[in-house]
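Quick note on labels: first sequence line is chain A, next is B, and so on, each numbered from 1. On a predicted model such as this, the values are computed, not experimentally measured, just so you know.
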Amino acid sequence: MLSPAATAVAAVRATAGSPAAVRGMHARILKEGLAHHPPNPAALVSAYAKSRLLPDALHLFDETPRRDIYIYSSLLTAVSHSASPELALPILRCMLSADALHPDHFVISSVASVFARLRSRRLGRQLHAHFVASPYNGDDVVKSSLVDMYCKCGSPDDGRKVFDSMSAKNSVVWTALVSGYASNGRSEEALQLFRSMPGRNLFAWTALISGLVNTGESVGAVELFVEMRRDGVRIDDAFVLSIVIGASADLAAFVLGRQLHGSAMRLGFLSNMIVGNALIDMYSKCSDILSAREVFEGITFRDVISWTTMVVGEAQHGRAEEALALYDRMVLAGAKPNEVTFVGLIYACSHAGLVQKGRQLFESMKNEYGITPRLQHYTCYLDLLSRSGHLLEAEELMTTMPYEPDEATWGALLSACTKYKDAEMCIRISDKLLELRPKDSSTYILLSNVYAVNGKWDSVAKVRKCMIGLEIRKEPGYSWIEAGREFRLFHAGEVPLDVREEIMVFLEEMVLEMRKRGYVPDTSSVMHDLEESEKEHHLFLHSERLAVAFGLIKSPPGSVIRVVKNLRVCVDCHTVMKLISEITHRKIVVRDSSRFHHFEGGKCSCSEFWEDLSSGREDILWVVDDRTASNMQRNKWTMRGPMIREGQTTAAHMTGKGRTQLREASTHWAACGGWAVVSGRADEICSLTKGKR
DNA sequence: TTAGGGTTAG
C-alpha cells in the first residue's frame with residue numbers, strides 16, 4: 001500500500017505534459033494539505049516544467065518553505081532545458097549559501113548541462129574539479145554530462161579524456177562525443193568514433209549528420225543519410241529528416257529536396273511542423289517559391305518560424321507584396337512576429353522601394369512589439385533609405401544608431417552613393433572607412449570596388465597594398481547547377497574541357513544575338529585597370545554564365561534553369577541573363593549570396609533593386625602550370641588584382657608579356673581537372689603547387 | 001524524489 005504522499009507523487013507524474021492537469025493536481029494537493037510535504041514540491045516543479053510552465057515552477061519554488069536537494073534538482077533540470085539557462089546561477093548560489101546544501105550527482109549533471117548551454121568552459125572546469133573531489137566522482141551519468149559540456153564548449157579533447165575514464169559507456173555518451181567532434185569541425189574523428197560505436201542508433205546517426213551540416217559539410221551529411229537509409233535504420237522521429245532537408249536547402253539541391261519531401265510523406269512526418277518549416281525553407285532556397293508556398297498553405301499548425309520562413313522567402317524572391325500580405329495574415333492569426341520576421345519585412349520593403357511602409361514597420365517593431373532593433377535591422381532600414389535616394393537621412397541614421405557600422409552597413413550606403421552618382425559622398429565615406437583600417441577583408445574589397453568605379457586607381461592600388469600587407473584574400477567566385485543526379489561547379493574563367501566547345505559556341509552565339517538587340521557590355525564591375533577588350537573577356541567567362549550555358553545545353557526544353565552563385569551577380573551578367581531568357585524563351589533563376597533573380601522574357605523579378613558592391617564581384621582565377629610559373633619568374637611578370645585564399649589559389653591577371661600563353665595554360669590545366677597554387681607577394685612569384693580537384 | 005545525447009527562420 002502506497003502512502004498518501006507517494007500516491008500524490010504518482011498522480012502528479014501522470015499529469016506531466018498537460019498544463020491543465022498539473023494545475024488541477026496542484027490544487028488538489030493544496031486542498032489535501034500535502035503541498036509542502038516532500039517529495040510533492042519537487043514532483044510538482046518537474047511536472048510544471050514538463051508542461052512548459054517554468055514561471056509556475058519558479059513560483060512554487062519561491063513558496064516552498066523547506067527546500068531540499070530534490071526540489072533544487074528538479075528546478076535546475078527544468079531551467080537547464082528552458083530558454084533561460086542562466087537562471088540556474090542564482091538558484092545555485094541560493095542552494096550553496098542560503099540553504100547550505102551540497103550538490104549531489106543529480107545536481108552536478110544538471111548544472112553541467114546549464115554550463116554547456118551557456119558555453120562556459122570556465123564554469124564547466126570549476127564544476128568538473130568539484131565533481132572530482134566529491135563522493136560522486138565515479139558516477140557515469142555525471143561523466144556523460146561533462147563530456148557533452150566540454151564538447152559544447154568547444155573542447156572535444158577534454159570531453160574525450162572524461163569519456164576514456166568511464167568504465168561502462170552507453171549510447172548516450174557515445175552520441176555526445178560523436179556529436180562533439182562533428183560539431184567542432186572534426187569530422188574525421190567523428191566518423192572514426194562513429195564507425196567503432198557499438199549499437200549505433202537513430203540518435204547517433206542524427207547527432208553525426210547534424211554536426212556535419214552545422215560545420216558546413218552538407219554533402220558528407222547527405223551521403224551519411226543515404227548510408228543510414230541503406231542500413232535500414234528506422235526513422236521514428238522527425239529530427240534527422242528536418243536536418244537533411246536543411247542540408248539540401250544549403251546546397252540548393254532541388255532534386256534531393258523533392259525526394260526528401262516524398263520520404264517525409266511516406267514516413268508520415270508531413271504533418272510535423274518542423275519538417276514543414278524545413279520544407280518551406282528548402283523550396284525557397286532551391287528557387288521554387290511557389291512550391292514553398294504550397295507547403296506553407298498545407299501546414300495545419302504554424303508557429304512564428306513557419307510564418308517568418310515564408311515571409312523571408314517571399315522577400316528574397318523579390319515578392320514584397322506577398323511578404324507584406326503574409327504579415328497581415330500572420331498578425332490576424334495571432335502569431336507574434338519576432339526580430340527575424342522584421343528583418344524579412346524591412347528587407348522586402350528595401351528591395352521594392354517601399355520607404356513609407358518600411359519606416360512604419362521599423363517603428364512598429366520598436367513601439368508595438370518592444371523589439372530592440374539590432375545592427376541587422378538598422379542595416380536593412382538604412383539600405384531602404386539609401387536605395388530610395390534618401391542619402392542624407394541614411395548617413396544621419398548611421399551616425400546616430402547605437403552600433404558601430406559593419407561591412408554590410410557601409411556597403412549599403414556606398415552602393416547607394418554609387419547608384420545616385422554622388423561621387424563626393426562616396427569618396428568622403430570611403431576615405432573615412434580606409435582611415436579606420438577595417439579588419440574585415442570584404443571591407444577592403446568594397447573600398448577597392450568603390451574607388452575603381454570612380455576611377456581612382458591610385459586609391460585602388462593603396463587598398464590592394466593594404467590587403468597584401470595584411471594577407472587579406474578574396475573569396476573566389478563560383479556557381480553551380482544540378483544536372484540530373486550530379487552537381488556541376490564552375491569557376492570564373494575556367495571552362496571544363498568536356499563541355500568547353502559547346503559552352504563557348506553557345507555563349508558566342510548568344511553574344512551575337514544580344515548585340516543585335518542593342519547589348520553593350522557593361523564593364524564597370526571589372527575592378528581592374530584593364531583594357532576594354534580584356535574586361536569584356538573577364539565578363540564573358542563569369543561563372544554564372546558558364547553554369548547557365550551548361551544548363552541550357554544539357555536540360556530538357558522548357559525546364560527551369562536554376563543556378564546558385566556564392567557571390568553577387570554583376571551588372572553585366574544581370575543584363576545578359578535577362579537577354580538570354582528572352583532569346584531562348586526559358587526561365588532562369590539565379591540564387592546569389594543575397595537573394596533570388598527570376599529571369600523571364602527579358603525581365604528580372606528584382607526590378608533592378610538589387611545592386612550592391614559590398615560582397616565583391618567575381619574575378620577570373622588564373623591557374624597556371626609549372627612551365628608558365630617558371631616563365632613568370634624568368635620574365636619578372638608582375639601580378640595585380642585580388643589574391644585568393646592563402647595556400648589555395650592565387651588569382652590575378654597578369655601584366656607584361658605572355659598573357660595569352662598564360663590564359664591558354666591555365667584553361668588547359670583547369671580543363672584537366674587540376675588546380676595550381678601560386679604563392680607569393682603581388683610583385684614576385686615564390687612557389688607553385690598543383691593538385692587534383 | 002531529482003540527472004546525460006539529436007530538429008526549423010536572418
J.: Looking only at the side chain of A:Val312 (C-beta and beyond, no hydrogens), which of the listed nucleotides B:dA9, B:dT8, B:dG10 gets closest?
T.: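 Taking heavy atoms from C-beta onward, the closest nucleotide is B:dG10.
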J.: With a 4.0 Å cut-off on N to O distance, would you call A:Arg293 and A:Glu314 a salt bridge?
T.: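 Result for this pair is yes, salt bridge flagged.
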J.: May I ask you to list the residues of residues 222-234 of chain A, by number, that have any heavy atom positioned under 4.0 Å from an atom of DNA chain B?
T.: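 Residues of residues 222-234 of chain A that come under 4.0 Å of DNA chain B do not exist, since none gets that close.
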J.: For the side chain of A:Phe106, starting at C-beta, report the closest nucleotide among B:dT2, B:dG4, B:dA9.
T.: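 So the nucleotide nearest the side chain must be B:dT2.
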J.: Relative to the ring of A:His105, is the ring of A:Tyr136 parallel (under 30°), tilted (30 to 60°) or perpendicular (over 60°)?
T.: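 Because their plane-to-plane angle is under 30°, the rings of A:Tyr136 and A:His105 count as parallel.
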J.: Quick check with a 6.0 Å cut-off and a 45 degree axis cone: is A:Arg67 positioned over the face of A:Phe61's six-membered ring?
T.: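 Ring-cation test returns yes.
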J.: Picking from B:dG4, B:dT2, B:dA9, which would you name as closest to the side chain of A:Ile305?
T.: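 Among the listed nucleotides, the one closest to the side chain of A:Ile305 is B:dA9.
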J.: Would you kindly check if the NZ (Lys) or CZ (Arg) of A:Lys143 is within the cone defined by 45 degrees around the ring axis of A:Phe163 and under 6.0 Å from the six-membered ring centre?
T.: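 Judged by the rule (NZ or CZ under 6.0 Å from the ring centre, within 45° of its axis), A:Lys143 is not positioned above A:Phe163.
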J.: Using atom OH of A:Tyr136 as one end and atom P of B:dT2 as the other, report the distance to the nearest whole Å.
T.: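 From A:Tyr136 OH to B:dT2 P: 16 Å.
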J.: What is the nucleic acid contact for A:Lys285, judged by heavy atoms within less than 4.0 Å: base, sugar-phosphate only, or nothing?
T.: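 Here A:Lys285 touches the backbone only, sparing every base.
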J.: Which of these nucleotides, B:dG10, B:dA3, B:dG4, is closest to any side-chain atom of A:His105?
T.: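 Closest nucleotide to the A:His105 side chain: B:dA3.
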J.: Ring-on-base stacking between A:Trp174 and B:dG5, under 5.5 Å between centres and under 30° between planes: is it there?
T.: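 No.
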J.: For A:Asn170, answer base if it contacts any base atom (sugar-phosphate contacts may also be present), sugar-phosphate if it contacts only those atoms, and nothing otherwise; contact means non-hydrogen atoms under 4.0 Å.
T.: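 Here A:Asn170 touches the bases of the nucleic acid.
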J.: What's A:Asn201 touching, base or sugar-phosphate or nothing? Going by heavy atoms closer than 4.0 Å.
T.: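 Result for A:Asn201 = base.
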J.: From the set B:dT8, B:dG5, B:dG10, return the single nucleotide nearest to any side-chain atom of A:Lys152.
T.: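 Taking heavy atoms from C-beta onward, the closest nucleotide is B:dG5.
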J.: Between B:dG5, B:dT7, B:dT8, which nucleotide has the shortest distance from any of its atoms to the side chain of A:Asn277?
T.: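 The answer is B:dT8, which lies nearest to the side chain.
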J.: What is the distance, to the nearest angstrom, from the CG atom on A:Asn272 to the P atom on B:dT7?
T.: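 Spelled out: CG on A:Asn272 to P on B:dT7 is 14 Å.
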J.: How many whole angstroms separate atom OH of A:Tyr150 from atom C1' of B:dG5?
T.: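 Taking atom C1' of B:dG5 as the reference, OH of A:Tyr150 is at 18 Å.
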J.: So, under a plain 3.5 Å distance rule, would you say the side chain of A:Ser110 forms a donor-acceptor pair with the base of B:dA3?
T.: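 Side chain to base: no pair below 3.5 Å.
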J.: When you measure from the side chain of A:Thr64 to the backbone N and O of A:Leu60, does any donor-acceptor pair fall under 3.5 Å?
T.: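 Judged by distance alone, yes, a pair lies under 3.5 Å.
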J.: Let's test your reading of the model: under 3.5 Å, does the base of B:dG4 pair with the side chain of A:Ser109 as donor and acceptor?
T.: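 Flag unset: no donor-acceptor pair detected.
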J.: Identify whether any heavy atom of A:Val172 sits under 4.0 Å from a base atom; if not, whether one sits that close to sugar-phosphate; answer base, sugar-phosphate or nothing.
T.: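 It contacts base atoms.
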J.: In this structure, how many angstroms lie between the C1' atom of B:dG5 and the CG atom of A:Asp236, rounded?
T.: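 Rounded to whole Å, this separation is 16 Å.
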J.: Going by side-chain hydrogen bond (donor to acceptor under 3.5 Å, both in side chains), name the residues that satisfy it together with A:Asp56, two or more places apart in sequence or in a different chain.
T.: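 With neighbours one apart ignored, the set is A:Arg23.
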J.: Cationic tip of A:Arg117 within the cone over A:Phe115's six-membered ring, i.e. under 6.0 Å and within 45° of the normal?
T.: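 That pair does not qualify as a cation-pi contact.
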J.: Please classify the nucleic acid contact of A:Arg302 as base, sugar-phosphate, or nothing, using heavy-atom distances under 4.0 Å.
T.: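 Contact class for A:Arg302: none.
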J.: Do A:Glu227 and A:Leu224 come close enough that some side-chain heavy atom pair is under 4.5 Å?
T.: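 They are in side-chain contact.
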J.: Could you list the donor-acceptor pairs under 3.5 angstrom formed between side-chain atoms of residues 199-212 of chain A and any protein atom two or more places apart in sequence or on another chain?
T.:
{"unit_1": "A:Asn201", "atom_1": "OD1", "unit_2": "A:Phe203", "atom_2": "N", "d": "3.3"}
{"unit_1": "A:Asn201", "atom_1": "OD1", "unit_2": "A:Ala204", "atom_2": "N", "d": "3.0"}
{"unit_1": "A:Thr206", "atom_1": "OG1", "unit_2": "A:Leu202", "atom_2": "O", "d": "2.6"}

J.: Using whole Å, what does the distance between atom P of nucleotide B:dA9 and atom CG of A:Leu279 come to?
T.: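 Distance check: A:Leu279 CG to B:dA9 P gives 12 Å.
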J.: What is the distance, rounded to the nearest whole Å, between atom CZ of A:Phe163 and atom C1' of B:dG5?
T.: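 The answer, rounded to whole Å, is 12 Å.
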J.: Using a cut-off of strictly less than 4.0 Å, decide whether A:Thr77 has a side-chain nitrogen or oxygen near OP1 or OP2 of B:dT2.
T.: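 It does not, given that no N or O in the side chain of A:Thr77 lies less than 4.0 Å from OP1 or OP2 of B:dT2.
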J.: Give a yes/no answer on whether the side chain of A:His81 brings an N or O atom under 4.0 Å of OP1 or OP2 in B:dG4.
T.: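 The answer is yes; a side-chain N or O of A:His81 sits under 4.0 Å from OP1 or OP2.
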J.: Counting side-chain heavy atoms from C-beta on, which of B:dT2, B:dA3, B:dA9 comes nearest to A:Asp139?
T.: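 The answer is B:dA3, which lies nearest to the side chain.
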J.: With a 4.5 Å limit on heavy-atom distance, are the side chains of A:Val304 and A:Pro337 in contact?
T.: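 Counting from C-beta outward, A:Val304 and A:Pro337 never come under 4.5 Å.
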J.: Heavy atoms from C-beta onward define the side chain here; which of B:dG4, B:dA9, B:dT8 lies closest to that of A:Thr308?
T.: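 Output: B:dA9.
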J.: Donor-acceptor pair under 3.5 Å: do we get one between A:Ser242's side chain and the base of B:dT7?
T.: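 Indeed, a donor on one side and an acceptor on the other fall under 3.5 Å apart.
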J.: Using only modelled atom types and a 3.5 angstrom limit, is any donor from either the side chain of A:Ser144 or the base of B:dG4 paired with an acceptor on the other?
T.: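 Answer yes: a donor N or O sits under 3.5 Å from an acceptor.
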J.: Give me the residues of residues 333-348 of chain A where at least one heavy atom lies under 4.0 Å from an atom of DNA chain B, by number, or none.
T.: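 Those residues are A:Asn338, A:Glu339, A:Val340.
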J.: Rounding to a whole Å, what distance do you find between A:Arg374:CZ and B:dG10:C1'?
T.: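 Those two atoms, CZ and C1', are 9 Å apart.
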J.: Report all side-chain donor-acceptor pairs from residues 174-183 of chain A shorter than 3.5 Å, counting only partners two or more places apart or in another chain.
T.:
{"unit_1": "A:Thr175", "atom_1": "OG1", "unit_2": "A:Ser171", "atom_2": "O", "d": "2.6"}
{"unit_1": "A:Ser183", "atom_1": "OG", "unit_2": "A:Ser179", "atom_2": "O", "d": "2.6"}

J.: Only counting residues at least two apart or in another chain, list the ones meeting side-chain hydrogen bond (donor to acceptor under 3.5 Å, both in side chains) with A:Glu322.
T.: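 Per chain and number, A:Glu322 pairs via side-chain hydrogen bond (donor to acceptor under 3.5 Å, both in side chains) with no residue.
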J.: Once you round it to whole Å, what is the distance between P of B:dA3 and NE2 of A:His102?
T.: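 Distance, rounded to whole Å: 22 Å.
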J.: Classify A:Thr309 by what it touches in the nucleic acid, base, sugar-phosphate, or nothing, heavy-atom distance under 4.0 Å.
T.: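 Here A:Thr309 touches the backbone only, sparing every base.
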